[in-house]
Amino acid sequence: MPSPAKRRKKNDFKSADQSVRGLDYFFAKQQANKGTPSSHGTGEEKPTCAERNEVTQETDEEYARRLQEQYDKEEQGLGISRSEAEDGIPNGTTSRLKSVEVPKAGSSERKPLEPTIRTLSLQHGTTAADKVTFAIPLDEDPLTFDLSTYISPLQAQWSSTGGNATYALLTHCFTIAGSTTGRIKTTNTLINTFRLLIAADPDSLLPAVWLSTNSISAPHDPMELNLGGSTISKALCKVYSLTPATLRTLYNKYGDGGDVAFEAKKRASLTLRKPKPLTVQGVYDDLGKIAKSTGKGSAEMKQGTVERMIRDAGTGEESRYLVRTLVQNLRIGAVKTTTLIALSRAFLLTAPPHPPESFTSAYDPTSVARMSKDARQELFLRAEELLKASYARHPSYATLVPALLEVGISPELLLRCGLSLHVPLRPMLGAITRDLPSMLAQLAGRAFTAEWKYDGQRAQVHCDDAGTVSIFSRHLENMTDKYPDLVSLVPQFRGEGVSSFILEGEVVAVNPETGQLLPFQTLSNRARKDVKQEDVKVQVCLYAFDLMYLNGSELLGRPLRERRNILKSLFNSIPRRFEWVRNLDATSEDVESVREFFQEATNNKCEGIMVKVLDNLDEDIKLAEQEDLIDGDVPSIPTRKKAKPAKGKEASKPSKAADESAENASEARPSRRKPLLATYTPDKRLESWLKVKKDYAQSADTIDMIPIGAWHGQGRKSKWWSPILLAVRNESTGLLEAVTKCMSGFTDKFYKENRAKYDPDGQAGGPPENEEDDDSDDLEAVERIGKNTLASKPMYVEYNGPEPDIWFEPQEVWECVFADVTLSPTYTAAIGLVSDERGLSLRFPRFLRVREDKSIEEASTSEFLAELYRKQAGDPDRPSAEKMEVEEEAELDDDGELYG
DNA sequence: ATTGTCTGCCC
DNA sequence: ATTCTGC
DNA sequence: GCAGAATGGGCAGACAAT
């Protein structure tokens, strides 16, 4: 799925455990330093959770007064910069933090610059101003939502923040969106929020969009918070006077740092508020400060900023979303696409207060409401597709939002936010295909090309006519610095007639002597920053497979065959440095040769193959024209899309369970509902590109492991165990060796049952179902708690990683699939069998099914795991058991059979 | 100087 | 990366 | 089928702790 994988973070607050130890340490320190009165919340104080505990005797009111004093000081220090900000100096960003750092030092004693009334109010819940905001029915249908009635009250309210929209408004939006799974409600809520901002405070729109999308900048613009669960949990401890243990308990219960903050704030009997509410801009600017801070002491500074932000949150909901924003996981059911849709409709219906000449006037909602349903849908769809097309080609809200404010929903947008050199476009992706027969069936009647799917790193290479080169990763990070060797190669492979281009390929580690492909792990050993060409240790080859832009023209609308021809004819391949992906052009008739090709790919350390439609068929072009899916050189603006025709249930989804008998190949050609185009469609995962990997197939290797422990899940999985720690048996020692955590492949139903089965709060009694009474692992007297769970790691388990939240009484066997066996720095399973220092683990582990037929004595062994590793590492033509010293050029022929 | 923790980003 | 789920 | 959510192994790099 095109998910924002870049922002995937764990933030599981597990590190809170570490601070338990740190706590004692700090306690000692604090005791020693006694007498130094603590000052809450200034960025400079020591980040210890203990600090607040140290003064737990003080009442809430005393605490409030102390905090009030501190805010007063802060206010003084801020006096000037505050008013600056109020006078509308746009980025009054640096002021706040600086002034927090500056004062203290005794200087800021009682010297009120002016007797401003500083009201730090002690109060429960919301203020009157909040009530204005929270009363807005943001989820109303945008066509009836009465924008104008809210603008004046909001602006009146915002006058206290210099006209800046409050964070409370955005929080209100998130709260409503987060309270439903319905997409319509979520979208409407975002639409109306954006409309309010467009109309009442357009400057806050961009920051609001960043915050809504869990990001602070475009991916190719390097700006990272470098702040995660660890820092935030420490900050929460401090702000809400929680012990790490309490925080941990809350976190285990809710599975979300934001929810913990919400609960903690609710429990605080009194709510302390700063006189001025948080603003959208202010929050965004604080994030910017966090991102900018580097070097020694930066962690402390970041934590200080986080604490202040959390402390300044007016309500529980604000705390919740502040924290979720800090961990960049809002969980409101809207990220990229929903935001784009919402933006498109917001601008369709709303104009900024003083629209520039260029602004394409917005529609009056009431007239849109009067349109026919079809006409309205078409209007919405056009706008939506326009934004999606723009974003796919130029994925940066920093460009998109200002452009929208200037030109509105207009074709002009694609000129301003279209494909640009040195701005990565979103890559086209391949749909997963279970095996070759289903691939052949899907592409029946089409000419396609199969390409090796190298196990490396995807790269998008830009070069302008001045010869400047940029290289971007799959998730659009700029990695030009990582590959100076490739950059210097560009002049060599760029042909005579080429001035500018964007091409795409896979960077793979290779043996420069033999050209042999090396595993992904080798590639990932490369340095990433400030790499000098002469320091490069891991040689790479770029295997090019597509060309999206050439000499000023987009090629996205051209069929792959044509793009490929241009690529191969205008660029020069350089052996072992810059080559074309190995490919085989074929049709569904060529069953055998395709299968051989696939085998050859996997034999050469490739993950499998990518299969791509080469040409547009007339019928598809017609179909596409109807749906306006075709892009020309200048992408056309989609005008209309039909409701999806009903489709018949597809060929039986093979039950993953046993049943090894592979299905038969060619089924009848499926009647296709969607055109299969050979164009390059950025940001889409279409069936015109199919991904076939050996581990997707039913015939893939699997391993049978024993669940031995687990963690509390997060978010929607917070009531269940996830992930779950799995182990193999070591036959010689009798120990269970942990191999991997697993979280993929479980259904909700399974989770529920699993949680009931391993229940520390359940009936303590009852021997495990399958148990055969013997105390084989006996004597160790493992302390049982609840049902099938253990109080601590049993002696017979071999595992050194992070401590699970719960240990299981081993009693069942689960079958799992995986892509590869990896040499592990953390797991010790099979240690000594293939490496003396490292154990083995799995790449992309996922649960398949319970092996009801197996007892734990029949689970896979570490020797079995080791053998899997040898098999994949060694010469695939030869069973590794009798492996010999053979190694030559790796131009292997294959004879393995696949998919019988 | 070395080791450990945390984060971001590859897959 | 992979997978599941609600719409 | 899309969009979103939850989370795998493992690496380099940046800091913090020792």
Engineer: Got a sec, which residues hit salt bridge (charged side-chain N to carboxylate O under 4.0 Å, His left out) with Lys453(A), two or more places apart in sequence or on another chain?
Structural biologist: Glu607(A)

Engineer: Among residues two or more places apart or on two chains, list those pairs meeting salt bridge (Lys or Arg N to Asp or Glu O under 4.0 Å) that have a residue in residues 703-725 of chain A.
Structural biologist: Asp704(A)-Arg851(A), Asp704(A)-Lys854(A), Arg716(A)-Asp748(A)

Engineer: At less than 4.0 Å, is any side-chain N or O atom of Lys717(A) found next to OP1 or OP2 of dC4(C)? Yes or no.
Structural biologist: no

Engineer: In chain order, what residues pass the salt bridge (charged side-chain N to carboxylate O under 4.0 Å, His left out) check against Asp701(A), with sequence neighbours excluded?
Structural biologist: Lys871(A)

Engineer: Taking the nucleotide of DNA chain C with the closest heavy atom to each, which residue, Val817(A) or Thr180(A), is nearer the 5' end?
Structural biologist: Val817(A)

Engineer: At less than 4.0 Å, is any side-chain N or O atom of Ser744(A) found next to OP1 or OP2 of dA6(D)? Yes or no.
Structural biologist: no

Engineer: Would you say Arg716(A) reaches dC4(C)'s phosphate, i.e. side-chain N/O to OP1/OP2 under 4.0 Å?
Structural biologist: no

Engineer: Within the structure shown, what part of the strands sits under 4.0 Å from Ala334(A) by heavy-atom distance: base, sugar-phosphate, or nothing?
Structural biologist: sugar-phosphate

Engineer: Over all strands shown, is Tyr696(A) touching base, sugar-phosphate only, or nothing at heavy-atom distances under 4.0 angstrom?
Structural biologist: sugar-phosphate

Engineer: What distance, rounded to whole Å, do you find between the two P atoms, one in dC11(B) and one in dA6(D)?
Structural biologist: 22 Å

Engineer: Indicate whether the side chain of Asn478(A) and that of Thr480(A) have a donor and an acceptor atom separated by less than 3.5 Å.
Structural biologist: yes

Engineer: Could you list all N or O pairs between the protein and nucleotides 10-12 of chain D that sit under 3.5 Å apart?
Structural biologist:
from    : atom 1 : to        : atom 2 : distance (Å)
dG10(D) : OP1    : Thr822(A) : OG1    : 2.5
dG10(D) : OP1    : Leu823(A) : O      : 3.2
dG10(D) : OP2    : Ser824(A) : OG     : 2.7
dC11(D) : OP1    : Gln521(A) : NE2    : 2.8
dC11(D) : OP2    : Arg838(A) : NH2    : 2.7
dC11(D) : O3'    : Ser524(A) : O      : 3.4
dC11(D) : O3'    : Asn525(A) : OD1    : 3.1
dC11(D) : O2     : Arg528(A) : NH1    : 3.3
dC11(D) : O2     : Arg528(A) : NH2    : 2.9
dA12(D) : OP1    : Asn525(A) : O      : 3.4
dA12(D) : OP1    : Asn525(A) : OD1    : 3.3
dA12(D) : O4'    : Arg528(A) : NE     : 3.4

Engineer: Could you say whether Met743(A) or Lys749(A) is positioned toward the 5' end of DNA chain C, judged by the nucleotide with the nearest heavy atom to each?
Structural biologist: Met743(A)

Engineer: State which of dC10(B), dT3(C), dA16(D) makes the closest approach to the side chain of Lys296(A).
Structural biologist: dA16(D)

Engineer: Do the side-chain N or O atoms of Asn226(A) get closer than 4.0 angstrom to the phosphate oxygens (OP1, OP2) of dC6(B)?
Structural biologist: no

Engineer: On the nucleotide dT7(B), are OP1 or OP2 found under 4.0 Å from the side-chain N or O atoms that Lys302(A) carries?
Structural biologist: no

Engineer: Hey, does the side chain of Lys752(A) come within less than 4.0 Å of dC4(C)'s phosphate (OP1/OP2), counting only N and O?
Structural biologist: no

Engineer: Students often get this wrong, so: under 4.0 angstrom with heavy atoms, is Ile332(A) touching a base, only sugar-phosphate, or nothing?
Structural biologist: sugar-phosphate

Engineer: With respect to the side chain of Thr181(A), which nucleotide from dT7(D), dG8(D), dG6(C) is positioned closest?
Structural biologist: dG6(C)

Engineer: By salt bridge (charged side-chain N to carboxylate O under 4.0 Å, His left out), which residues pair with Asp455(A), not counting sequence neighbours?
Structural biologist: Arg843(A)

Engineer: Assign each of Val739(A) and Gly333(A) to its nearest nucleotide of DNA chain D by heavy atoms, then name whichever residue's nucleotide is nearer the 5' end.
Structural biologist: Gly333(A)

Engineer: What nucleotide among dA6(D), dC11(B), dC7(C) has an atom nearest to a side-chain atom of Phe520(A)?
Structural biologist: dC11(B)

Engineer: Examine dA5(D): is either OP1 or OP2 under 4.0 Å from a nitrogen or oxygen in the side chain of Gln714(A)? Give yes or no.
Structural biologist: no

Engineer: Who pairs with Asp141(A) by salt bridge (charged side-chain N to carboxylate O under 4.0 Å, His left out), at least two apart in sequence or on another chain?
Structural biologist: none

Engineer: Base, sugar-phosphate alone, or nothing: which one does Lys691(A) contact when heavy atoms must sit under 4.0 Å apart?
Structural biologist: sugar-phosphate

Engineer: Output yes when at least one side-chain N/O atom of Ser230(A) is less than 4.0 Å from OP1 or OP2 of dT5(B), else no.
Structural biologist: no

Engineer: Please figure out whether Thr337(A) or Thr740(A) has its closest DNA chain D nucleotide nearer the 5' end.
Structural biologist: Thr337(A)

Engineer: Could you check whether Arg183(A) gets within reach of a base, just the sugar-phosphate, or nothing at all, counting any heavy atom under 4.0 Å?
Structural biologist: base

Engineer: Using a 4.0 Å heavy-atom cut-off across all strands, classify Phe746(A) as base, sugar-phosphate, or nothing.
Structural biologist: sugar-phosphate

Engineer: dT7(B) phosphate, OP1 or OP2: any side-chain N/O from Thr231(A) under 4.0 angstrom?
Structural biologist: yes

Engineer: What I want to check is whether the side chains of Thr522(A) and Asn525(A) have a donor and an acceptor closer together than 3.5 Å.
Structural biologist: no

Engineer: What does Asp748(A) touch in the nucleic acid at a heavy-atom separation under 4.0 angstrom: a base, only the sugar-phosphate, or nothing?
Structural biologist: sugar-phosphate

Engineer: Does the Ser841(A) side chain pair with the main chain of Val739(A), one donor and one acceptor, at a distance under 3.5 Å?
Structural biologist: yes

